[in-house]
Every structure is written in C-alpha cells, then in structure tokens.
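None of these values were measured; they are calculated from a predicted model.
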Amino acid sequence: MVDFAKLRTQKKKTTPIEPLEIFRRLPKPPGINDLYTSQAEVLESWFQRRKERDVVLKLHTGGGKTLVGLIMAQSTVYETNEPVLYLAPTRQLVNQALVKAKALGIAAVPYQTGKPLDDAFLNGKAIMIATYKALFNGRSKFGVRGPATAPIKVSAVILDDAHVASSVVRESFR
C-alpha cells in the first residue's frame, strides 16, 4: 500500500493567534513599518485578557486604534473560526477601516443594508465592518429581535470609538 502522506512536501503552516505575530506576518502598506509602543502594549494586554467579557482598551487620538482593532479582530477569527463584528460610528469610519483592512491583507467585508449577511463573515473567514446602527436597531440582521430566526453567534464585537456608542444606541431605540 502506498502512503501518500509521505509525498506531501509542504508542511501545513500554523495560523498565529498572537496579535504581535499576526502583525509581523501582515504585508505592510506604505507608512506602516512597525507598531507604536502603545499599540503593542494594548495588544499584549488584550491578548492576556481576551477571554474576559467587556474588555475596554484606550489609545490616544491618532494612536492607531483602527489598526489595533483590526488585529484584535483577526486574532479572534483565527482563534475561534467564528464571525467577528467590528463597529464604527459612521459610514466614513467604516470605509476607512475597510481600506485599512485591505491594505493590511486582512479579510473584511462591509455590512450591506437590504442584503443578506456575507457568507465569508458567517463562516468566520472575514471580519464584518459596520456602523453601530447595523447592530443596534429594532430589526437587526444579527437576530436581536429582528427578522433573523435565531441570533447570529459572533465571537467578538469590537466597538471603535465606543464612547460614541451610547448616544447611537439611545437614539436607535427612542
């Protein structure tokens, strides 16, 4: 009997879940050579606490929060193979996050009003980037009392500029 496994010449690459290793392996777009010290510290801190619920991380304005959030999302996708939702307050910030994800080689898909949720997102192959209103509304596609038959299970929801979220949520349910 022939053992075809011995014919395999390439070993399967392991997918890293550590955020700093993920960043190291990503293609670097012009202008990004390395993480700021504060970004690396936040990512290390998050990674140690990633199993906790409701982790809040803070970076200064211009500190690279989008990059950090995308790496956290990618780490979670790699670890869980489940959907991850990245929320931003405005469509402009959603578009900026999508552009940054593409530049870094991170699979991300936009939330599209009036269309079904993307299969790549549902299968844990891409991060979905949306506004807060996509999740926080009375007819959410994510199954929060919306038209979905069952809630969509996500392994993480990342809120960019979370301080804005409370006003958006309050307005959505008025």
* Asked: Which atoms form the tightest heavy-atom contact between Leu70 and Ala97, and what is the distance?
  -> CD1-O, 3.8 Å

* Answer yes if Val94 and Val154 sit in the same cluster of Ile, Leu, Val, Met, Phe, Trp and Tyr residues linked by side chain heavy atoms under 4.5 Å apart, and no otherwise. => no

* Identify, with sequence neighbours excluded, every residue that meets side-chain contact (heavy atoms from CB on, under 4.5 Å) alongside Gln96. => Gln92, Leu93

* **Shortest non-hydrogen contact between Phe121 and Leu85, atoms and distance** => CE1-N, 4.3 Å

* Structure fact -> For Leu59 and Val68 the tightest heavy-atom approach is CD1-CG2, 3.8 Å

* Under the side-chain contact (heavy atoms from CB on, under 4.5 Å) test, residues paired with Pro16 that sit two or more places apart -> Glu18, Glu21, Ile22, Arg25

* Asked: Honestly curious: do Val84 and Val55 fall in one hydrophobic cluster under the side-chain, below-4.5 Å linking rule?
  -> yes

* **Closest non-hydrogen atom pair, Thr66 against Tyr86** => CA-OH, 3.5 Å

* To do: Hey, could you give me each pair passing side chain to side chain donor-acceptor pair (under 3.5 Å) that has a residue in residues 97-121? Not counting sequence neighbours.
  => none

Tell me which donor-acceptor pairs under 3.5 Å the side chains of residues 71-79 have, and how far apart each pair is, sequence neighbours excluded?
unit_1	atom_1	unit_2	atom_2	d
Ser75	OG	Ile17	O	2.4
Thr76	OG1	Met72	O	2.9
Glu79	OE1	Arg50	NE	2.7
Glu79	OE2	Arg50	NE	3.3
Glu79	OE2	Arg50	NH2	3.0
Glu79	OE2	Lys51	NZ	3.1

* To do: Please report the shortest heavy-atom distance between Ala108 and Ile129, naming the atom on each side.
  => CB-CD1, 3.8 Å

* To do: Mind checking side-chain contact (heavy atoms from CB on, under 4.5 Å) for Val99 and listing every partner two or more places apart, or none if nothing turns up?
  => none

* **Partners passing salt bridge (Lys or Arg N to Asp or Glu O under 4.0 Å) against Arg49 (at least two apart in sequence or in another chain)** => Glu52

* Asked: Which pairs count as side chain to side chain donor-acceptor pair (under 3.5 Å) when at least one residue sits in residues 27-46, sequence neighbours excluded?
  -> none

* **By side-chain contact (heavy atoms from CB on, under 4.5 Å) - contacts of Lys153 (at least two apart)** => Glu82

* Can you check whether Ala88's main-chain N or O pairs, donor with acceptor, with Thr131's side chain at less than 3.5 Å? -> no

* To do: Step by step, work out the side chain to side chain contact (heavy atoms under 4.5 Å, CB included) result for Lys141 and Ile152.
  => CA-CA 8 Å; Lys141 289 182 193 176; Ile152 302 297; over 6 Å; no

* Working to the nearest 0.5 Å, report the span between CD1 of Ile127 and CD1 of Ile158. => 7.0 Å

* **Leu26 with Val109, same ILVMFWY side-chain cluster at under 4.5 Å** => no

* Joint hydrophobic cluster, Phe23 plus Ile106, side-chain heavy atoms closer than 4.5 Å -> yes

* Using the test side chain to side chain donor-acceptor pair (under 3.5 Å), find all partners of Thr90 that sit at least two apart in sequence or belong to another chain. => none

* Closest heavy-atom pair and its distance - Leu104, Pro29 -> CD2-CD, 3.6 Å

